[in-house]
Amino acid sequence: MSLGNIFNIAGSAMSAQTIRLNTVASNMANVDSAASSADQTYRARKPVFSEMMVNSMKDNGWGDTTDDDSGAGVGVKVDGIVESSAPLKPRYEPDNPMANDKGYVYYPNVNPIEEMADMMSASRSFQTNVDIMNSAKSMMQKMLTLGQSS
């Protein structure tokens, strides 16, 4: 694997973490949204990641990638965004305008503490990939100066 592929790999990871941050933001924005039925209630969403292999990267326009036959992946991709199957939170609020015939209002299955932990994890992962790109850039610049005489 060449040093140049590091930018493709870190870039794919940064894109994946951006999608993760977007789903966290969507979940947090809807944490208090109420509905009168379980079918209409917002459900927490989570991205699903998988390893991106060499052929997949070429097919998705990442340019020329070389396979070093190590079996290592060459990036990460988002396979999709799934809704949580955790139970919704029905509350008895007969005075709420969104209450159903029995007086219940349904709230999303979003756990704000879990979402904040996901946000911090995604943010740190994103920053780590920025640091990786900066390190690779620095290494490339130092490589260019190896043959120079003082």
What are the two closest non-hydrogen atoms of [X] and [Y], and how far apart are they?
X	Y	answer
M133	G11	CE-N, 4.1 Å
S123	L21	N-CD2, 4.3 Å
N100	S36	CB-O, 3.3 Å
K77	E51	CE-O, 4.3 Å

Between S33 and Y107, do the side chains contain a donor N or O and an acceptor N or O under 3.5 Å apart? no
Answer with yes or no whether the side chains of D79 and S50 bring together a donor and an acceptor at under 3.5 Å. yes
Please check if [X] and [Y] belong to a single hydrophobic cluster, counting links between Ile, Leu, Val, Met, Phe, Trp and Tyr side chain heavy atoms closer than 4.5 Å.
X	Y	result
Y92	V105	no
V130	M120	no
V82	V78	no
M119	F126	no
L88	Y104	no

Can you tell me how far the [atom1] atom of [X] sits from the [atom2] atom of [Y], to the nearest 0.5 Å?
X	Y	atom1	atom2	result
M28	E115	CE	CD	7.0 Å
N27	N22	CG	CG	11.0 Å
S37	Y106	OG	OH	8.0 Å
K142	S138	NZ	OG	4.0 Å
N129	M14	CG	CE	6.5 Å
I19	I81	CD1	CD1	6.5 Å

L144 atom CG: more than 12 heavy-atom contacts under 6.0 Å: yes
More than 12 heavy atoms from other groups under 6.0 Å of NZ on K89: yes
Among N109, V110, N111, which one satisfies side chain to side chain contact (heavy atoms under 4.5 Å, CB included) with S84? N109
Going by an N to O cut-off under 4.0 Å, is there a salt bridge joining K46 and E114? yes
If we check side-chain hydrogen bond (donor to acceptor under 3.5 Å, both in side chains) with R20, which of these qualifies: S125, S121, S15? S121
Apply side chain to side chain contact (heavy atoms under 4.5 Å, CB included) to N5 and V74, showing your working. CA-CA 8 Å; N5 286 342; V74 290; 5.8 Å; no
Check whether any side-chain heavy atom of M140 lies under 4.5 Å from a side-chain heavy atom of F7, and answer yes or no. yes
Expected output: side-chain R45 to main-chain R43 donor-acceptor under 3.5 Å: yes
